[in-house]
Every structure is written in structure tokens, then in C-alpha cells.
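A short worksheet on the structure shown next.
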Amino acid sequence: MIYTLENHELKHAVEEMLFHLLPTETLSRADSVEQLTEPYCRSILTEENGEAAARAIVCMDGAVHEAEKRASVTGLATLDYKRTITELVKTTVYDAVVPFLPQAPVWGSLTGVRPAKLARGMIERGMTRGEAAVELREHFHVSPERTALTIRAAATAMEMDKTIGENDISLYVGIPFCPSRCYYCSFVSATTAQSGKLIEPYLDTLCREIEETAALVRAAGKQVQSVYIGGGTPTTLDEHQLARLLSALENHFDFSHLREYTVEAGRPDTITPEKLRVLKSAGVGRVSINPQSMNDAVLAAIGRKHGAADVLRAFEQARQAGFDEINMDLIAGLTGDTAETFAQTVDTLLNLSPENITVHTLAIKRGADLTDKAAAAAQRETVSQMLDGASHALQNAGYGPYYLYRQKFMAGGFENVGWCKPGTECFYNVSMMEELQTILSLGAGGVSKRVVRETGWIERANNPKYPLEYIQAADRLANGKKKLLFPKK
Ligand code: SF4
């Protein structure tokens with residue numbers, strides 16, 4: 001699709017909305033209306049007497065639809081002005097494209113990754129939950145089911161927010177190694193076959209970063225509320241390497257205020273009783289065992305080197321090791337999966353009765369080719385059935401949704417939802433996704449965020465993305481965190 005921006009430069013807003021609604025289109029910008037050929041989208045912005053007016057004209061399949069919206073911009077500060085005109089531009093593009101679609105997207109015109117944060121903002125600014133729900137449905141065209149999900153996740157976040165003190169922070173530690181690469185993976189993760197020799201130097205650097213960060217945290221008077229070790233697959237480390245990492249954390253940080261300690265033991269082919277014992281004796285309380293599917297054909301198709309039986313074994317071993325908080329991740333939309341086989345996967349997990357089940361929707365990798373995008377779009381109905389079926393089964397089994405997030409490139413434009421048994425919400429997941437507190441991220445690819453709780457202001461410091469770059473940057477890793485913990489007044 002070709003598009004024009006007329007009298008504005010909100011390229012990102014227009015492209016984001018077009019991609020959200022028409023994921024199989026390849027977008028290109030034309031400099032003038034004369035260059036347009038069907039299918040096209042014109043986005044026009046005008047401003048007169050303190051009022052901004054956005055108009056979108058979309059031509060596809062021989063038909064044309066137009067939409068127009070206006071808003072007063074008199075006296076708005078720069079940020080509010082930008083927010084207002086961006087929303088006008090996005091919603092007019094939405095209104096002009098939707099008549100061409102077989103059905104409206106379940107998230108309406110919302111393209112952001114944190115819908116519950118948006119709802120929380122509405123409630124904190126004085127709306128009741130009911131009013132926020134009406135706003136989501138009527139202004140953003142969010143479906144009734146997704147609206148209910150969003151309000152519930154917002155309410156959970158607001159409750160958790162009350163338990164966070166001014167000096168409370170959380171830690172994320174990344175281990176970017178996996179035994180093999182899953183075909184859909186969009187994380188930075190190296191296989192042990194390719195990069196196994198980097199694991200020891202990586203751990204050396206990580207232990208140094210742990211020591212330096214802990215000293216900064218102490219000096220800043222902060223206390224650690226939760227720790228999340230993710231990846232990659234942290235249990236790719238052998239039991240000695242795991243023990244070394246966990247001791248470094250325990251020896252350098254003060255964990256006396258810790259309320260939650262999670263380690264992703266994502267791949268069952270990396271889980272052993274010895275590693276589970278190491279985790280348990282270091283005080284880890286929550287592990288995540290992530291089958292993604294319990295169908296062997298699907299597991300083979302996505303490049304996993306294990307079957308469903310290995311997941312059952314790993315789960316049993318984790319229970320035997322004393323873990324009473326276990327999360328299991330699933331993905332809807334994987335190659336070869338059907339609504340029926342996905343429902344069987346959900347049933348198998350419900351029989352295991354883990355405390356948390358996180359239902360993801362397959363994310364289309366950025367830069368995916370047209371065939372992948374078209375395949376994902378064609379699967380929309382199947383993914384919708386998978387998610388609806390999982391939602392009913394989970395609710396019938398006593399699980400409730402407690403956090404959600406969306407990704408930019410998701411099959412069918414759906415979402416990821418964390419479900420839990422009552423009282424087993426993962427604090428870190430909510431805190432991180434809702435940006436409730438400062439989180440320091442250690443390891444390659446880590447993005448630390450300082451959250452100023454009174455204003456919601458967020459500042460970031462990024463670690464180098466890849467393991468080798470990270471190792472080479474060992475001398476500089478503490479600098480970003482120092483800036484976040486000791487901001488200039
Ligand atoms: S286990 Fe996770 S991080 Fe590792 S390759 Fe698969 S999807 Fe990526």
C-alpha cells in the first residue's frame with residue numbers, strides 16, 4: 001500500500017496503524033498525491049482557529065472510504081498537543097480502513113503494548129472502572145472481552161502498586177543461551193553449539209556486573225523486591241554454573257526484602273534434578289517450564305529437541321524438588337497446531353495444575369517475509385478459536401487473568417495473557433509490564449528502566465545486545481545503572 005502524509009510528518013503513527021490493520025501489506029510512502037495508485041491511504045492534517053482536523057482517505061478493491069475527526073488544541077502543552085494530533089491521525093486511518101476488513105480487530109484502534117497501563121491511567125485520572133471500560137469500548141473500539149481483561153489486569157496492577165515502596169526495585173538477569181533455536185524466536189539467544197564457549201566468559205562478566213550493580217544499589221539505599229532470571233534459557237547453564245550465578249547474586253545483594261525469586265527453566269531438555277536442587281537451595285521459589293505445545297509434531301516443527309513426555313518429566317521433577325509455584329508458557333498459532341490440538345495442550349496442562357499458565361500468541365518476527373505474514377493473517381480465525389477455548393477452559397478450572405501485553409507484530413493482532421490460580425500472581429511480571437517500579441537488567445540485551453513513580457517518567461539504560469559485545473563492554477556496564485540510580489537533579 002502507498003500512503004501520503006499531507007501537512008504532517010506522523011509517519012510512525014500512520015505506518016503503525018496500517019500495519020496493525022493490514023499486516024500483509026508492504027508499505028511505502030509517496031511524496032505527492034499524483035504518485036498514488038490503488039491501494040492507497042492519504043492522511044491529511046489541518047489546523048485552524050485552535051482546532052486540529054485529521055482526515056484519512058483509503059482506496060482499496062475499487063472502493064473508497066473516508067474518515068474525519070476534530071479536536072481542540074488550544075492551549076495544549078507540547079506533549080499533549082503531539083498526543084492529540086497523533087491520536088486524531090491514527091483513529092482516522094483506523095476508521096477509514098476498518099470498513100474494508102472482514103471483521104474489526106479485537107483491540108480496535110489500540111496499537112500499544114500495554115493496554116492495562118492505559119486503563120490504569122484513566123482510572124488514576126479519576127474515571128471509575130466502568131467509565132474506563134466504556135472509554136475502551138466506545139473510543140478505542142476494543143471488544144467487550146478484551147475490555148474486561150484489560151480492566152481486570154489494571155485492577156491487579158493497582159493493588160500491587162500499593163505494595164511497592166519508594167526505594168523498592170526489582171532485578172532482571174539475562175542468560176542468552178539455548179540448547180537449540182526455536183524457529184519463531186525473536187529473542188537474542190545463541191545456541192550452545194554455536195556459542196557454548198562464550199558461556200564461561202559471559203558468566204565472568206555477569207558476576208562482575210552483579211557485584212558492581214549491588215554496590216550501586218546499596219549506595220542508593222534501594223532494596224530488591226523481586227528477581228527474575230530469564231533468557232534465553234537460564235537452565236542451559238550446568239549446575240555448577242547456575243550455582244555460581246546464584247551465589248554471586250546472594251552474596252552481593254541484600255535479599256532480606258525479597259518477595260519473589262523466579263528462574264525460567266524454559267526448555268525441559270535443560271532441566272535436571274541437580275539443577276532444580278541448586279535453584280531450590282538458593283531460595284528460588286518460582287520456576288517457569290515452557291512447553292509451548294504438548295503436541296510432539298508441533299514441537300518438532302518449531303525446532304524443539306524434546307517431546308511432550310520430557311515436559312511431564314520436568315514438571316514432576318520440579319514438584320519433587322519442592323517447587324509450589326510453577327508457570328507454564330503456551331503459544332497459540334504455532335506451525336502445524338490446530339484449535340483441537342491446542343485445546344488438548346491446554347487440557348494436559350490443566351491436569352498438571354501449575355499455579356500459572358501464560359498463553360502467548362505467536363509474534364511475527366520483525367522483517368518476516370510476505371509468506372510468513374500471509375500465513376499468520378490466514379491463521380487469524382484459528383488463533384482466535386485457540387485463545388477463546390483456552391480462556392474458557394482456564395476460567396472453568398479456577399484460573400483468572402492477571403496481566404497482559406501485546407507485541408507489535410502478533411498473529412491476528414491478539415495478545416499474551418498471564419493466568420493464575422488465586423493468590424499466585426507473579427509480582428515481577430506485573431511490575432515489569434505495567435512499569436510500576438525501577439527494574440535493573442543485568443546481562444546481554446538488558447534494558448534497565450528507572451521509573452519515577454509520582455510522574456510515571458521513565459529513563460532507560462541499555463546493555464549491549466549480544467553476548468560477545470557484552471563481554472567486551474565489561475568495564476562500562478555499571479555506567480548506565482549509575483546514571484539511573486543517581487540521576488542529576
Ligand atoms: S527457548 Fe526461548 S529463547 Fe530459546 S530459542 Fe526457543 S524461544 Fe528463543
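Just so you know, ligand 1 is whichever comes first in the structure, and atom 1 is the first atom listed for that ligand.
Counting heavy atoms under 4.0 Å from ligand 1, residue Asn290 does not touch it at all.
Ring geometry for Tyr228 versus Tyr172: interplanar angle under 30°, hence parallel rather than tilted (30 to 60°).
Residues Thr345 and Thr341 form no side-chain contact, since every pair of their non-hydrogen atoms from C-beta on lies 4.5 Å or further apart. Phe323 places a side-chain heavy atom less than 4.5 Å from the side chain of Val284.
Here Cys185 reaches atom 8 (Fe) of ligand 1: one of its N/O/S atoms is less than 2.8 Å from the metal.
Atom-to-atom distance recorded for Leu216:CG and Phe486:CZ is 6.0 Å, nearest 0.5 angstrom.
At least one heavy atom of Ser180 sits under 4.0 Å from some atom of ligand 1. For Gly266, the closest heavy-atom approach to ligand 1 does not fall below 4.0 Å.
When only non-hydrogen protein atoms are considered, atom 6 (Fe) of ligand 1 lies nearest to Cys182 SG, 2.4 Å.
The contact set between ligand 1 and Arg267, taken as ligand atoms under 4.0 Å from a residue heavy atom, comprises 1 (S), 6 (Fe). Of all the atoms in ligand 1, the ones that sit under 4.0 Å from a non-hydrogen atom of Cys178 are 1 (S), 3 (S), 4 (Fe), 5 (S).
Side chain of Lys481 to main chain of Ser441: a donor-acceptor pair is present (N/O by atom type, distance under 3.5 Å, no hydrogens or angles).
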